[in-house]
Trainee: 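My structure is below; once you've seen it, I'll send some questions.
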Amino acid sequence: MEQKPAEQKPVVFSGIQPTGVFTLGNYLGALKNWVRLQDDYRCVYSVVDLHSLTVRQEPRELRENTLRSLALLLACGIDPEKSVLFIQSHVHTHAELTWVLDCYIPFGELGRMTQFKDKSGAHPENINAGLFNYPALMAADILLYRAASVPVGADQKQHLELSRNTAIRFNNIYGDTFPVPEPLIPKDTGRVMSLQEPTKKMSKSDINPKAYVSVLDRPETIIKKFKSAVTDSETEVAFREGKDGVNNLLIIYCAVENLTIEQAEAEFAGKGYGEFKLRVGEAVAEHLRPLQERCERLYADKAYLGECYRKGAEKALAISKRTLEKVYKKVGLIVP
Ligand code: ATP
Ligand code: LTN
């Protein structure tokens with residue numbers, strides 16, 4: 001199929017926080033989609049380090065995690081020649097547009113965000129203004145690049161709704177300025193569940209490391225985590241309401257093996273949970289192996305990573321500066 005010229009392709013934007021090593025949830029819910037979209041969209045992807053300051057970070061660890069996140073994105077298949085890949089704090093327009101948007105987002109709307117409520121519950125000692133303001137920075141990320149689509153996991157739907165409301169509100173006051181962004185959430189893997197509490201999403205900040213698989217976990221660790229995954233007291237490997245643990249494992253297995261649920265159910269017909277869980281663990285470990293090898297090589301090459309993030313920031317600044325100036329003019333600021 002003939003490809004469209006780059007400038008006619010719609011823009012995609014997404015970001016990921018460098019708060020630790022990515023989980024299988026991040027990978028299947030978001031990153032695989034990021035990679036897939038690169039041929040049909042102009043993609044802009046960011047390691048959103050400013051967002052991670054909303055929860056206290058150890059500075060040395062944050063620097064390491066930021067570089068490792070960049071290496072992981074490259075290892076997953078983000079191509080810096082095709083897509084714009086950058087570190088959020090390197091592009092000053094993000095913080096600047098956030099301030100303007102802050103003045104157009106009602107306090108009540110920010111207060112209704114479930115992530116704010118969850119994270120303030122988890123960190124009662126540090127309920128800071130940044131945590132509250134987090135979705136305004138996310139809206140700025142997206143709107144600066146005039147993105148039409150935003151690939152995310154299902155947990156980000158509410159934040160994206162806030163970005164959409166903000167774009168619509170601004171456009172209503174000042175005339176057409178921002179496209180209204182659409183979420184792109186994968187149907188099956190949009191919410192990969194915890195291996196220990198399969199009614200909760202898999203999260204890299206879970207206090208129990210058995211609940212999540214990190215994409216850099218060693219094969220034996222991955223297999224062990226799947227072997228101890230919580231299922232139910234039945235015996236049949238079938239995708240059915242109420243079988244949250246089994247459903248989650250089936251979804252993960254199908255995603256890494258490229259199968260339909262029916263094919264996977266047929267494969268495990270008459271087999272026990274023990275054999276099923278072991279096979280899922282092996283399949284995930286095998287699927288992640290090449291990614292882990294690429295990540296290790298990339299993470300060791302600091303010169304390449306530096307070149308990559310500097311070039312990315314330059315491109316991101318050039319695009320986002322145009323939007324910021326347009327916004328400044330519309331609201332009545334003098335653009336020097
Ligand atoms: P934390 O759990 O520490 O808040 P996180 O794992 O949600 O962090 P983010 O950087 O906030 O990581 O998310 C990056 C992307 O991964 C987002 O698009 C998010 O929707 C997606 N994502 C996160 N967890 C899952 C999951 N369990 N299933 C599917 N997608 C997920
Ligand atoms: N809030 C997102 C990360 C994020 C993001 C964005 C996602 C920050 N800015 C812009 C999409 C578009 C999260 O995954 N927790």
Side-chain angles (χ1 to χ4, degrees), residues 11-34 37 43-57 65-66 69 72-73 76 86-89 91 94-95 97-98 101 113-116 118-119 121-123 130-131 133-145 147-164 166-167 181-209 211-215 248 251-252 255 316 320:
V11 178
V12 152
F13 182 95
S14 200
I16 187 156
Q17 301 187 74
T19 41
V21 175
F22 303 160
T23 67
L24 194 60
N26 298 136
Y27 176 68
L28 298 178
L31 303 180
K32 266 188 104 182
N33 237 354
W34 292 22
L37 293 165
C43 295
V44 184
Y45 296 130
S46 183
V47 177
V48 290
D49 52 349
L50 294 175
H51 275 99
S52 35
L53 295 181
T54 54
V55 173
R56 194 69 71 234
Q57 305 287 333
N65 281 337
T66 302
S69 300
L72 264 170
L73 291 179
C76 285
F86 69 103
I87 296 172
Q88 186 187 35
S89 62
V91 182
H94 289 248
L97 183 62
T98 302
L101 296 183
M113 296 294 116
T114 48
Q115 182 175 301
F116 171 66
D118 291 349
K119 295 224 164 159
H123 304 275
L131 194 62
N133 209 25
Y134 179 112
L137 178 57
M138 178 159 161
D141 294 341
I142 297 167
L143 300 183
L144 275 172
Y145 300 90
S149 305
V150 182
V152 280
D155 62 304
Q156 292 302 310
K157 202 163 173 241
Q158 196 187 28
H159 283 163
L160 210 73
E161 198 57 39
L162 186 141
S163 299
R164 290 169 56 83
T166 308
E182 295 286 341
L184 281 180
I185 300 173
K187 201 162 67 58
D188 298 323
T189 53
R191 198 170 155 81
V192 176
M193 300 311 223
S194 152
L195 297 184
Q196 290 300 310
E197 288 175 79
T199 50
K200 260 179 50 184
K201 85 157 193 167
M202 181 182 286
S203 164
K204 56 173 129 72
S205 49
D206 202 305
I207 45 169
N208 180 2
Y212 60 84
V213 169
S214 137
V215 296
N248 190 37
I251 284 175
I252 292 172
S320 59

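Counting starts at 1 for both ligands and their atoms, following the listed order.
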Trainee: State, to 0.1 Å, how close Pro18 and Val48 come at their nearest heavy-atom pair, and which atoms those are.
Mentor: CD-O, 3.5 Å

Trainee: Which bit of Val152 is near ligand 2, meaning a heavy atom under 4.0 Å away: side chain, backbone, both or neither?
Mentor: side chain

Trainee: Relative to ligand 1, is Asp155 under 4.0 angstrom through side chain, backbone, both or neither, heavy atoms considered?
Mentor: side chain

Trainee: Using a strict 4.0 Å cut-off to heavy atoms of Lys119, name the atoms of ligand 1 that fall inside it.
Mentor: 4 (O)

Trainee: Considering only heavy atoms of Arg191, which atoms of ligand 1 have at least one such atom less than 4.0 Å away?
Mentor: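 Near Arg191, the atoms of ligand 1 are 28 (N), 29 (C).
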
Trainee: Would you kindly specify which portion of Ile142 sits under 4.0 Å from ligand 2, judged on non-hydrogen atoms: side chain, backbone, both or neither?
Mentor: side chain

Trainee: Out of all atoms in ligand 1, which are within 4.0 Å of some heavy atom of Met202? Include the element for each.
Mentor: 24 (N), 26 (C), 27 (N)

Trainee: I'd like to check which ligand 2 atoms, numbered from 1 as shown, lie under 4.0 Å from a non-hydrogen atom of Val150.
Mentor: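 Result: 11 (C), 12 (C).
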
Trainee: Counting from 1, what ligand 1 atoms have a heavy atom of Ser203 closer than 4.0 Å?
Mentor: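 Here the atoms of ligand 1 in question are 1 (P), 2 (O).
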
Trainee: Is the side chain of Asp49 donor-acceptor paired with the backbone N or O of Ser89 at a distance under 3.5 Å, no angle test?
Mentor: yes

Trainee: Check whether any side-chain N or O of Gln88 sits under 3.5 Å from a backbone N or O of Ser46 as a donor-acceptor pair, and report yes or no.
Mentor: no

Trainee: Mind checking whether Gly153 has an N or O less than 3.5 Å away from an N or O of ligand 1?
Mentor: yes

Trainee: Could you tell me whether ligand 1 has any atom less than 4.0 Å away from a heavy atom of Thr189?
Mentor: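 True for this residue.
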
Trainee: Would you say that Trp34 contacts Cys43 through its side chain, given a criterion of any heavy-atom pair below 4.5 Å between the two side chains?
Mentor: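 No; the side chains remain at least 4.5 Å from each other.
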
Trainee: Measure the shortest side-chain to side-chain distance between Leu195 and Met202 over non-hydrogen atoms and say whether it is less than 4.5 angstrom.
Mentor: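 SC-SC contact between Leu195 and Met202 confirmed.
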
Trainee: Within a distance under 4.0 Å of any heavy atom of Tyr134, pick out the atoms of ligand 2 and give their elements.
Mentor: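 Result: 1 (N), 2 (C), 3 (C), 13 (C), 15 (N).
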
Trainee: Taking 4.0 Å as the limit for heavy-atom contacts, which would you say applies to Ala30 with ligand 1: side chain only, backbone only, both, or neither?
Mentor: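 The answer is the side chain of Ala30.
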
Trainee: Counting each atom of ligand 1 from 1 as listed, which ones have a heavy atom of Gly190 under 4.0 Å away?
Mentor: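 That gives atoms 28 (N), 29 (C), 30 (N) of ligand 1.
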
Trainee: Do side-chain atoms of Asn26 reach the backbone of Thr23 as a donor and acceptor pair under 3.5 angstrom?
Mentor: yes

Trainee: Polar-atom distance check: Ser205 versus ligand 1, any N or O pair below 3.5 Å?
Mentor: yes

Trainee: Which residue supplies the protein heavy atom nearest to atom 9 (N) of ligand 2, what is that atom called, and how far is it?
Mentor: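 Here the nearest protein heavy atom works out to Asp141 OD2, 2.7 Å.
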
Trainee: Distance under 4.0 Å to a non-hydrogen atom of Ser14: what atoms of ligand 2 satisfy this?
Mentor: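 Contacts of ligand 2 toward Ser14, numbered from 1: 7 (C), 11 (C), 12 (C).
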
Trainee: Hey, does Gly29 come in under 3.5 Å of ligand 1, counting only N/O atoms on both sides?
Mentor: no

Trainee: Distance under 4.0 Å to a non-hydrogen atom of Ile16: what atoms of ligand 1 satisfy this?
Mentor: 10 (O), 14 (C)

Trainee: What verdict does the side chain to side chain contact (heavy atoms under 4.5 Å, CB included) test give for His51 and Asp141, after you've listed the backbone C-alpha separation in whole Å, the side-chain angles of each residue and the deciding distance to 0.1 Å?
Mentor: CA-CA 11 Å; His51 275 99; Asp141 294 341; 3.1 Å; yes

Trainee: With only distance considered, is Gln156 within less than 3.5 Å of ligand 1 through an N or O on each side?
Mentor: no

Trainee: Could you walk me through whether His123 and Leu131 pass the side chain to side chain contact (heavy atoms under 4.5 Å, CB included) check?
Mentor: CA-CA 10 Å; His123 304 275; Leu131 194 62; 5.8 Å; no

Trainee: Quick one, Thr54 and Lys119 - any side-chain contact, counting heavy atoms below 4.5 Å?
Mentor: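 No, their side chains stay 4.5 Å or more apart.
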
Trainee: Between Asp155 and Gln115, do the side chains contain a donor N or O and an acceptor N or O under 3.5 Å apart?
Mentor: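 No donor-acceptor contact under 3.5 Å links the two side chains.
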
Trainee: So is there a nitrogen or oxygen of Val192 less than 3.5 Å from a nitrogen or oxygen in ligand 1?
Mentor: yes

Trainee: Measure centre to centre between the rings of His94 and Tyr145, then say whether the value is under 6.0 Å.
Mentor: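 Between His94 and Tyr145, the centre distance is under 6.0 Å.
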
Trainee: Of the protein's non-hydrogen atoms, which lies at the shortest distance from atom 3 (C) of ligand 2, and what is that distance?
Mentor: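 Here the closest protein heavy atom is Gly15 O, 3.6 Å.
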
Trainee: Are Gln196 and Asp206 packed together at the side-chain level, in the sense that at least one heavy-atom pair is separated by less than 4.5 angstrom?
Mentor: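 Gln196 does not reach Asp206 side chain to side chain.
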
Trainee: Side chain of Asn248, backbone of Met193: donor and acceptor closer than 3.5 Å?
Mentor: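 Such a contact is found between Asn248 side chain and Met193 backbone.
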
Trainee: So Thr19 and Val55, do their side chains get closer than 4.5 Å, heavy atoms only?
Mentor: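 Contact flag for Val55/Thr19 side chains = no.
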
Trainee: For atom 9 (P) of ligand 1, find the nearest protein heavy atom and state the residue, atom name and distance (0.1 Å precision).
Mentor: Lys204 NZ, 3.7 Å

Trainee: In sequence, state the C-alpha distance, the side-chain angles, and the governing distance for Glu197 and Asn208, and then conclude on side chain to side chain contact (heavy atoms under 4.5 Å, CB included).
Mentor: CA-CA 10 Å; Glu197 288 175 79; Asn208 180 2; over 6 Å; no

Trainee: Set out, in order, the CA-CA distance, both residues' side-chain angles and the distance that settles side chain to side chain contact (heavy atoms under 4.5 Å, CB included) for Tyr212 and Val192, then state yes or no.
Mentor: CA-CA 10 Å; Tyr212 60 84; Val192 176; over 6 Å; no

Trainee: Could you work out, for atom 2 (C) of ligand 2, the closest of His51, Gln156, His159 by heavy-atom distance?
Mentor: Gln156

Trainee: Any side-chain heavy atom of Asn33 sitting closer than 4.5 Å to one from Thr189?
Mentor: no

Trainee: Of all the atoms in ligand 2, which lie at a distance below 4.0 Å from a heavy atom belonging to Gln17?
Mentor: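 The list of qualifying atoms is 15 (N).
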
Trainee: Can you name the atoms of ligand 2, numbered from 1 with element, that are less than 4.0 Å from a heavy atom of Phe13?
Mentor: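 Checking each atom against Phe13, I get 10 (C), 12 (C).
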
Trainee: Looking only at heavy atoms, is any part of Gln17 under 4.0 Å from ligand 1, and if so is it the side chain, the backbone, or both, or is it neither?
Mentor: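 The answer is both.
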
Trainee: With respect to Lys201, determine whether any N or O atom, backbone or side chain, lies less than 3.5 Å from an N or O atom of ligand 1.
Mentor: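 Between Lys201 and ligand 1, an N or O pair is found under 3.5 Å apart.
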
Trainee: Which residue and non-hydrogen atom of the protein lie closest to atom 22 (N) of ligand 1, and at what distance in Å?
Mentor: Asn26 ND2, 3.6 Å

Trainee: Decide whether an N or O pair under 3.5 Å exists between Gly25 and ligand 1.
Mentor: yes

